[in-house]
Amino acid sequence: MIDLRSDTVTKPTREMLETMLRAEVGDDVFGEDPTVNAFQKRVASMFGMQAGLFVPSGVMSNQLGLKVLTEPGDEILIEEKGHIYNYETGGAAFLSGIQIKPLKGINGKLELAYLENQVKGKFDWEAKTKVICVENSTNKGGGACYSKDELAAIKYFADQHNLFVHLDGARIWNAMTATEIEPGFFGEVADTISVCFSKGLGAPIGSMLLSNEENIAKARRFRKMWGGGMRQIGLIAAAAEYALDNHWDLMKDDHRRAKEFAKAISSNSAFSIDMDSVETNIVLFDTLNEDAITVISRFEDHGIRLVPFGANTIRATFHFQVGDEDLEKVTTGINQIT
Ligand SMILES: Cc1ncc(COP(=O)(O)O)c(C=O)c1O
């Protein structure tokens, strides 16, 4: 089976496992794991942030980001396709006591026009708007990336209204590959950043929250409270660092393959696709004759796994463990589906 369901399905490579075996470790609840300590420092400074906190998942780093930026009763603004709104089990309400205001946008990206007039909190009876959440690249939005200008405009709007910016950068590595925006810029436009090593980079576990020292110290306490304090964490930090050093470069090929896949889809009259929407490793396309689940089972007959992303929408996601030979098999399969 060629697994295009997600970029989270990659398996650790032998070299990654060997790197893990060599990692120097200690008890991170005591702050004594040298590998994770160095890695947190390295990633934080890469993004121009003061500090980082290694956590098990992107959901945890997003939720910790919101926790340190808000108080119960606050509101956060997010595009309606945002992961924090759609796929985090209502965590923001449960863990931080905040409400989420989903806004219209394009391909999962916030638009200034829809942000205008959304900031509340002047009156006693209103929730206080505190954070703008941006996702880069977008997941449910089909892998779209913000431009520098778009992010700078959102940051300007946030500053004008005294709001924080949280960046869900689960796939920031893909976004940086596609847009060539340097990591330090994201540290300038966001107060908290969540980055994941377990998506297209291919680490088995691991995300990191980046922010100033005060926020990270606060997040560290909540990580412990939420059961995320880990011990000899250097083992997985070593895998994440290996992934960053060795797999980031491979993303440009994932993006090329995603475009080639999209081209094959566009040449089959059973599907419709917006070719311009394919910017990174994620491809969304619509089925025209049958529902997504039925079409996915036809793909499975050809050895290709995909996920439904709506009644008539399918998502394909590329990662470094799907190579050019696999892509050839996939395009042959696409041509045989009617
Ligand atoms: C944009 C985005 N944010 C956050 C997450 C959550 O990551 P995790 O599955 O590691 O909790 C995902 C997962 O796919 C994601 O796509």
Side-chain angles (χ1 to χ4, degrees), residues 3-12 43 52-67 76 78-92 94-96 100 102 105 107-110 131-146 151 165-178 186 190 192-210 219 222-223 226-228 230 233 236-237 239-240 243-244 251 254 258 279-284 305-310 313 315-319:
D3 200 340
L4 299 177
R5 287 173 304 160
S6 176
D7 49 9
T8 57
V9 300
T10 56
K11 307 230 167 87
V43 179
L53 185 69
F54 196 76
V55 297
S57 70
V59 169
M60 189 181 270
S61 50
N62 274 337
Q63 294 299 327
L64 283 171
L66 298 178
K67 185 74 182 170
I76 62 170
I78 189 166
E79 206 275 348
E80 62 190 359
K81 292 196 173 83
H83 196 276
I84 287 170
Y85 177 54
N86 289 284
Y87 301 125
E88 302 197 2
T89 53
F94 184 75
L95 298 166
S96 296
I100 298 182
N107 296 335
K109 294 194 308 179
L110 283 169
V131 184
I132 298 177
C133 297
V134 290
E135 189 174 305
N136 197 27
S137 60
T138 64
N139 176 348
K140 202 172 163 65
C145 303
Y146 283 89
L151 287 171
V165 175
H166 172 74
L167 167 60
D168 178 353
R171 293 184 181 78
I172 196 74
W173 319 104
N174 295 91
M176 289 194 279
T177 300
F186 298 104
T192 47
I193 305 179
S194 161
V195 301
C196 293
F197 307 101
S198 56
K199 310 290 179 295
L201 286 184
I205 309 166
S207 296
M208 199 181 286
L209 182 71
L210 310 169
F222 285 113
R223 181 186 68 169
W226 296 349
M230 296 173 282
I233 198 180
I236 52 173
L244 182 60
M251 282 187 176
D254 300 340
E279 293 180 43
T280 54
N281 64 329
I282 295 178
V283 183
L284 297 183
R305 300 188 80 182
L306 299 165
V307 279
F309 246 50
T313 305
R315 186 186 77 172
T317 308
F318 283 81
H319 52 80

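Whatever order the structure lists ligands and atoms in, that order sets their numbers, starting from 1.
In this pair, Y87 and F309 present their aromatic rings tilted. The plane angle is within the 30 to 60° band.
Under the 4.5 Å side-chain criterion, counting only non-hydrogen atoms from C-beta, W226 is in contact with K67. Side chains of I282 and R171 form a contact here, defined as non-hydrogen atoms less than 4.5 Å apart.
Taking all atoms of both residues into account, the shortest heavy-atom contact from L110 to Y146 is N-OH, 2.7 Å. Closest approach of F318 and D7 over heavy atoms only: O-CB, 4.0 Å.
Ordered by chain and residue number, the residues placing a heavy atom less than 4.0 Å from ligand 1 are S57, G58, V59, N62, H83, E88, E135, N139, D168, A170, R171, K199.
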Requested in this report: Applying side-chain hydrogen bond (donor to acceptor under 3.5 Å, both in side chains), run through T317 and R315 and close with a yes or a no.
Outcome: CA-CA 7 Å; T317 308; R315 186 186 77 172; 3.1 Å; yes

